[in-house]
2 protein chains.
Amino acid sequence: MRVVQPGSRDASVVDVAAAAGVSLGTVSNVLNRPDRVSPATRAKVQAAMLELGFVRNESARQLRAGQSRVIGYVMLDVSNPFFTDVARGIDRATADSDLSLFLCNTDNDPRREAAYLRNLQQQRVQGILLTPVDASSALLDEIARHTPLVIVDRTRDDDSFCSAAADDVAGGRLAVEHLVDQGHRRIAFVGGPTAIGQVRDRHQGALEACRDAGLGEDALVTITTPGLTFADGREAGERLAGLPSRNRPTAAFCANDLVALGLLQHVTQAGQRVPEDLAIVGFDDIDFAAAAAVPLTSVRQPRTSLGRAAAELLLDEATNPAHRHQQITFTPDLVARRSTQS
Amino acid sequence: MRVVQPGSRDASVVDVAAAAGVSLGTVSNVLNRPDRVSPATRAKVQAAMLELGFVRNESARQLRAGQSRVIGYVMLDVSNPFFTDVARGIDRATADSDLSLFLCNTDNDPRREAAYLRNLQQQRVQGILLTPVDASSALLDEIARHTPLVIVDRTRDDDSFCSAAADDVAGGRLAVEHLVDQGHRRIAFVGGPTAIGQVRDRHQGALEACRDAGLGEDALVTITTPGLTFADGREAGERLAGLPSRNRPTAAFCANDLVALGLLQHVTQAGQRVPEDLAIVGFDDIDFAAAAAVPLTSVRQPRTSLGRAAAELLLDEATNPAHRHQQITFTPDLVARRSTQS
DNA sequence: GTGACGCACTGAATCGTTTCACCCCGTCGC
DNA sequence: GCGACGGGGTGAAACGATTCAGTGCGTCAC
């Protein structure tokens, strides 16, 4: 049952003031500088608030203050543990700053991303952390004209933004170098869509590793998926199995762990062995990677550190007038597990 | 580089009006009812907006409108795929209502939960979806006095709230009945903290199943964990292994899949076999359950349907004056996999 | 006794948007 | 030629919290 009947409005400071027999300025003081109000008056005001069910109107506060006490993290995929671990890192860095963190899931959709960015900006949030679908989008510049914006898990080539990211090209290299070390000469790259920068970079690293290893251009078989989910990985397994056995890859490097785990599941369910029939490397090293049917070799990114670093950059940008943009890059490393070692 | 210099303020409708040589009412019309403005004037105004980098101030809009176009989902644990799948369901139900969904992670902490609830309420959001730490908390009533609030994945005994939830007691029964069917007579319940209602109910169901099966009260060995994460599951494995072999359980029912997967990992790494040495049942049936080292038997909840149903209840409560509270309960079912069947 | 001081409290002005009563003027029907 | 109509535009008022220049008054030092 709503206390407020349809038609009546919520109690405002004016209503509280009237009920308590004081001026609205005093009510505001009780709210913001309780020490400046005598205990007796304070008690009266608080009683009135309780009775009227007074709820501060944040919109009005913000309008006056010009800013809200919120930061947003706009991310590609909440269902991917990698991003929620990044969010954890952000959360920690933010914990003692009395800011609230709101999470926004874009699901790789640029339109959803744009809507969230605009929304947050119009709310005059303190700042935005963003893992963008496309880091080169002009929208980012537009938003950053007014709102501190830090790019997470990606970078711009120029130094127009703060960012905290892992070196995806290096990660891709690492993965494929490892597979080549294990004797593989024909390797699948599984991931997509190519609109996503991480996918492009990891693919790029894989290509470079092939080239450096002296393998032909067709050593890397690219299997493009519509997304980077578990289901996409399974479906990629289907396609991989459909290749003529003559030039079927003996190893797969997946653009992230979700895809790798999906692929792994499909392969083992089809009665094949990992790594004997197909070696698999993932990317991110989420917790589930180590717990998989066959523990998954993966390129580890420092997930929470990444979030933490990004949040610290954002706080600096939002509060420090002498702020200078900074690009922090983490170097990933490879965690070798059974999925690549027989 | 911020366009707005320190000291200068963002452009407002008044500034735009001045720049375009029209009244502020016309600017507002361009924003909200573009058809009522002649094309020539509209163009002039839009040009002025572009030039000044005008960004609508959502606080001011909301203050006037009395409401924001946002709903929040306050959840126990973003890192748990179960909850992100619920969020997906909410998202879908919400998609065609021009509302934005903000996700808030409480990490099982009542203080964080309270902070988020108050924050959302003060923002005058359209409504709040909540998976509470403690559904009986009086705070929920206080919030619901002003803001539509739907409980997700929990229920109140009374009908003071809308809710969409699975029957956790039935789920707990299902799990343990299955284990008893498989011949187990000594079963561990792994989960915690007991402050979490889901944990209590699932435990309750497990107890009932033991009783109904004619097993003694000590057939169920309760191992309380500090949380419901992967790491908690591993650590519970440690404790389970430490029990004297005489009365060590032959099966474990875990309060959720994360714990079950952690336990599974610990057990297999310790060189024991699942299910031969220890059978394991999880709860939620997240995607990773089926992909685990040993595919995990789990109690399935309709995750996205749950989110969708909750969101629909919320929308109804927020918009339909004739709204009546409703408790929707889904009945879970058991998905038997290798972790319980040798 | 007087002036200075400071505590407690007051209330008008402000933030930026939306709404709505109102105005202006060209067009149309008769 | 006149009144009615309506498209296009205007700007004051309102939303609710905060701020800040004041007011009133009791206390204290000299």
Side-chain angles (χ1 to χ4, degrees), chain A residues 4 7-46 48-49 52-69 118-119 121-125 146-147, chain B residues 4 7-46 48-49 52-69 118-119 121-125 146-147:
Chain A
V4 181
S8 79
R9 359 175 291 305
D10 288 4
S12 74
V13 277
V14 176
D15 302 323
V16 172
V22 299
S23 82
L24 90 183
T26 299
V27 176
S28 180
N29 280 333
V30 170
L31 250 18
N32 302 298
R33 297 173 221 76
D35 50 305
R36 296 218 192 142
V37 181
S38 76
T41 311
R42 203 189 310 153
K44 260 195 312 184
V45 172
Q46 279 162 345
M49 285 181 176
L52 296 179
F54 171 75
V55 175
R56 234 177 180 163
N57 185 322
E58 191 63 26
S59 305
R61 296 189 75 189
Q62 280 175 30
L63 174 57
R64 190 78 232 276
Q67 279 219 320
S68 77
R69 303 299 301 166
R118 293 234 162 77
N119 198 322
Q121 174 171 52
Q122 292 178 359
Q123 310 241 9
R124 298 289 194 271
V125 296
H146 302 271
T147 310
Chain B
V4 181
S8 80
R9 3 175 288 304
D10 288 4
S12 75
V13 277
V14 177
D15 302 323
V16 173
V22 299
S23 81
L24 91 184
T26 300
V27 176
S28 180
N29 280 334
V30 170
L31 251 17
N32 302 299
R33 298 174 220 76
D35 50 305
R36 296 217 192 143
V37 181
S38 76
T41 311
R42 203 189 309 152
K44 261 195 310 184
V45 171
Q46 279 161 344
M49 286 181 176
L52 297 178
F54 172 75
V55 175
R56 234 178 181 165
N57 185 323
E58 190 63 25
S59 306
R61 296 190 72 190
Q62 280 175 31
L63 173 57
R64 190 76 232 276
Q67 278 219 324
S68 76
R69 303 298 300 167
R118 293 234 163 77
N119 198 321
Q121 174 172 52
Q122 293 179 0
Q123 309 242 9
R124 299 289 194 272
V125 296
H146 302 271
T147 309

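Residue numbers start from 1 in every chain, and the chains themselves are labelled A, B, ... in the order their sequence lines are given, proteins ahead of strands. Here the structure is a predicted model, which is why all the values come from computation and not from measurement.
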In whole Å, I'd like the distance from the CG atom of B:L63 to the P atom of D:dG16.
7 Å

N/O-N/O pairs, protein side and nucleotides 17-21 of chain C side, under 3.5 Å:
residue, atom, partner, partner atom, Å
C:dT17, OP2, B:V13, N, 2.5
C:dT18, OP1, B:N32, OD1, 3.4
C:dT18, OP1, B:R56, NH2, 3.3
C:dT18, OP1, B:R61, NE, 2.8
C:dT18, OP2, B:N32, ND2, 3.2
C:dT18, O2, B:R64, NH1, 2.2
C:dT19, OP2, B:R33, NH2, 2.6
C:dT19, O4', B:R64, NH1, 3.0

Starting from P on D:dG16, measure out to CG on A:D15 and report it in whole angstrom.
8 Å

Would you indicate, yes or no, if C:dT10 has its OP1 or OP2 atom less than 4.0 angstrom from a side-chain nitrogen or oxygen of A:T26?
yes

With the side chain counted from C-beta on, respond yes when A:V45 and A:V37 share a heavy-atom pair under 4.5 Å apart, and no when they do not.
no

Spatial distance of atom CD (B:E58) from atom CG (B:L63) [nearest 0.5 Å]
11.5 Å

Rounded to whole Å, how long is the line connecting atom CG of A:D35 with atom P of C:dA8?
9 Å

If you measure from CD on A:Q123 to CG on B:N57, what distance do you get to the nearest 0.5 Å?
9.5 Å

Assess whether side chain to side chain contact (heavy atoms under 4.5 Å, CB included) is satisfied between A:R69 and A:V125, documenting all intermediate values.
CA-CA 7 Å; A:R69 303 299 301 166; A:V125 296; over 6 Å; no

Expressed in angstrom and rounded to an integer, what is the separation of A:L52 atom CG from D:dG16 atom P?
13 Å

Can you sort out the partners of B:R42 under side chain to side chain donor-acceptor pair (under 3.5 Å), two or more places apart, ordered by chain and number?
none

Scan for salt bridge (charged side-chain N to carboxylate O under 4.0 Å, His left out) pairs involving residues 13-26 of chain B, sequence neighbours excluded, and state none if there are none.
B:R9-B:D15

Which nucleotide in the list C:dA8, D:dT10, C:dG16 gets nearest to the side chain of A:S38?
C:dA8

